[in-house]
Amino acid sequence: MIVAQEAVATGVNKNGLFIPLIDFGMFLNGGEADKKAVVQGIIDGFKNAGFLYLKNHGIPKETVSKVFASSAEFFRRPQEEKDELKWSTPQSNRGYVSQGREKVSQLTDKVTVDALRSQNPDLKESLEIGRDNHPSLPNSWPREDAAGLAFRQTMNAFYATCQALHIQVMRAIALGLELDENFFDGYVSAADNNLRLLHYPATPADVFRKNVGQVRAGKHSDYGTVTLLFQDMRGGLQVRSPQGSWVDATPIEDTIVVNAGDLLARWSNSIIASTEHQVVEPPSEPVDGNYPARYSCAYFCNPNAEAYIEALPGTFTSVEDKHFPGINAGEYLVQRLSNTYQY
Ligand SMILES: O=C(O)CCC(=O)C(=O)O
Ligand SMILES: [Fe+2]
């Protein structure tokens with residue numbers, strides 16, 4: 001018996017939060033009906049949860065494994081080598097962020113964010129990588145030993161791979177919003193994106209008990225169009241349900257978690273949801289009182305920095321229906337980053 005391929009299955013279904021598991025291969029390689037089913041699944045998922053899982057997304061398993069291995073190797077470098085690559089400005093948003101430097105938060109008031117940061121810093125370190133061909137913003141690459149050179153090559157290749165997937169996901173979103181399939185192509189062509197390698201170090205389990213509110217990454221929403229999130233199998237990512245509770249976005253092997261960011265929510269005049277998420281104490285039992293390290297890679301996709309983002313055609317009938325004023329994408333992102341980092 002031939003079983004018809006399903007475009008949409010269940011990724012998570014709890015407390016009113018339904019995160020679909022989408023077979024993106026049916027969009028990339030399928031016929032008209034397949035494509036249509038995927039588009040519907042994606043737009044429903046973005047409207048309701050703001051989150052999806054994608055399988056058959058076209059990025060080979062070996063590519064992702066190589067990126068995770070290179071990332072782990074990078075974070076094993078001596079602290080002083082990593083500190084040489086220090087993240088410097090929101091305009092650049094490139095470089096190494098040591099534990100406690102960032103406190104992502106919905107709060108836009110810098111004083112409050114600073115106060116929060118000093119209490120329970122997120123238990124993580126990261127490396128932020130931008131497009132490597134930027135005319136004025138250089139990346140901060142590790143020392144040019146053999147591993148350092150290979151790292152640069154691996155990450156640049158991955159950056160380009162994710163950029164191509166971003167374009168495809170935006171095509172599906174365009175169709176879901178009843179726009180021309182290529183509507184967004186010109187808006188996302190610059191690859192003004194950000195690849196964030198994340199390392200949540202191994203930690204004693206009692207840290208989470210001693211410090212009230214201790215998490216690995218504080219609750220926040222992302223800023224851009226969509227985020228392509230590659231997570232290992234440790235768990236700990238949680239998404240806010242429509243009822244306000246936190247629901248585990250349990251890792252599903254070989255999938256990418258895709259969540260909509262605030263600029264896409266604005267662009268869609270709030271049709272698409274940009275949902276809060278966080279990374280907390282892992283759900284697994286600690287081993288000898290410790291939780292193992294967790295690694296993830298978040299590829300934050302953005303419109304071109306110079307793009308002007310205002311309610312898309314078809315999302316409003318009169319000017320009063322527009323939920324947000326228009327905004328320049330680059331300026332918006334710099335503003336959000338300025339509020340979340342100490343610099
Ligand atoms: O590590 C994760 O799974 C999520 C990270 C995240 O949400 C972020 O860096 O914006
Ligand atoms: Fe995030």
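Counting starts at 1 for both ligands and their atoms, following the listed order. Just so it is clear, the model here is predicted, and its values are computed rather than measured.
- Judged by a 6.0 Å distance limit and a 45° cone about the ring axis, Lys35 is positioned over the six-membered ring of Phe27.
- The pair Glu128-Arg196 meets the salt-bridge criterion, since a charged nitrogen lies less than 4.0 angstrom from a carboxylate oxygen.
- Within the structure, the closest approach of Arg216 to ligand 1 does not fall below 4.0 Å when heavy atoms are considered.
- The shortest N/O to N/O separation between Lys124 and ligand 1 does not fall below 3.5 Å.
- Close approach to Val279 involves these atoms of ligand 1, each under 4.0 Å from a residue heavy atom: 1 (O), 2 (C), 3 (O), 4 (C).
- Between the side chain of His199 and the backbone N or O of Leu197 there is no donor-acceptor pair closer than 3.5 Å.
- Remark: ligand 1 atoms within the under-4.0 Å shell around heavy atoms of His277 are 7 (O).
- Here the side chain of Asp248 pairs no donor or acceptor atom with the backbone of Gln238 at under 3.5 angstrom.
- Ligand 1 has no nitrogen or oxygen under 3.5 angstrom from a nitrogen or oxygen of Gln231.
- Applying the ring pair (Phe, Tyr, Trp, His ring centres under 6.0 Å) test to every pair with at least one member in residues 230-265, sequence neighbours left out, gives these pairs: Phe158-Phe230.
- Of all the heavy atoms of Leu229, the ones lying under 4.0 Å from any atom of ligand 1 belong exclusively to the side chain.
- Using a 4.0 Å cut-off to heavy atoms of Tyr200, the atoms of ligand 1 that qualify are 1 (O), 2 (C), 4 (C), 5 (C).
- Proximity of Asp222 to ligand 1, defined as any heavy-atom pair under 4.0 Å, is confined to the side chain (atoms from C-beta onward).
- Judged by the 6.0 Å distance and 45° axis criteria, Lys86 is not positioned over the aromatic ring of Tyr96.
- Heavy-atom separations between His220 and ligand 1 include at least one value shorter than 4.0 Å.
- For His57 and Phe24, the ring centers are positioned 6.0 Å apart or more.
- Around the Fe ion (ligand 2), the protein atoms of type N, O or S found under 2.8 Å away are His220 NE2, Asp222 OD1, His277 NE2, listed by chain and number.
- Residues passing the side chain to side chain donor-acceptor pair (under 3.5 Å) test with Asn13, sequence neighbours excluded: none.
- Of all the atoms in ligand 1, the ones that sit under 4.0 Å from a non-hydrogen atom of Arg196 are 8 (C), 9 (O), 10 (O).
- Set against the non-hydrogen atoms of Leu198, the atoms of ligand 1 under 4.0 Å away are 1 (O), 5 (C), 9 (O).
- In summary, the aromatic rings of Trp267 and Tyr308 are positioned with their centroids too far apart to meet the 6.0 Å limit.
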Enumerate, atom names and distances included, each donor-acceptor pair closer than 3.5 Å involving a side-chain atom of residues 279-288, sequence neighbours excluded.
unit_1: Glu281; atom_1: OE1; unit_2: Arg209; atom_2: NH1; d: 3.4
unit_1: Glu281; atom_1: OE2; unit_2: Arg209; atom_2: NH1; d: 3.1
unit_1: Glu281; atom_1: OE2; unit_2: Arg209; atom_2: NH2; d: 3.1
unit_1: Glu281; atom_1: OE2; unit_2: Tyr291; atom_2: OH; d: 2.6

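- Not a single donor-acceptor pair under 3.5 Å links the side chain of Arg94 to the backbone N or O of Asp132.
- Which parts of ligand 1 touch Phe300 is read off a 4.0 Å heavy-atom cut-off, strictly below it: atoms 8 (C), 9 (O), 10 (O).
- Checked by atom type, the side-chain pair Asn15/Gln243 shows no donor-acceptor distance below 3.5 Å.
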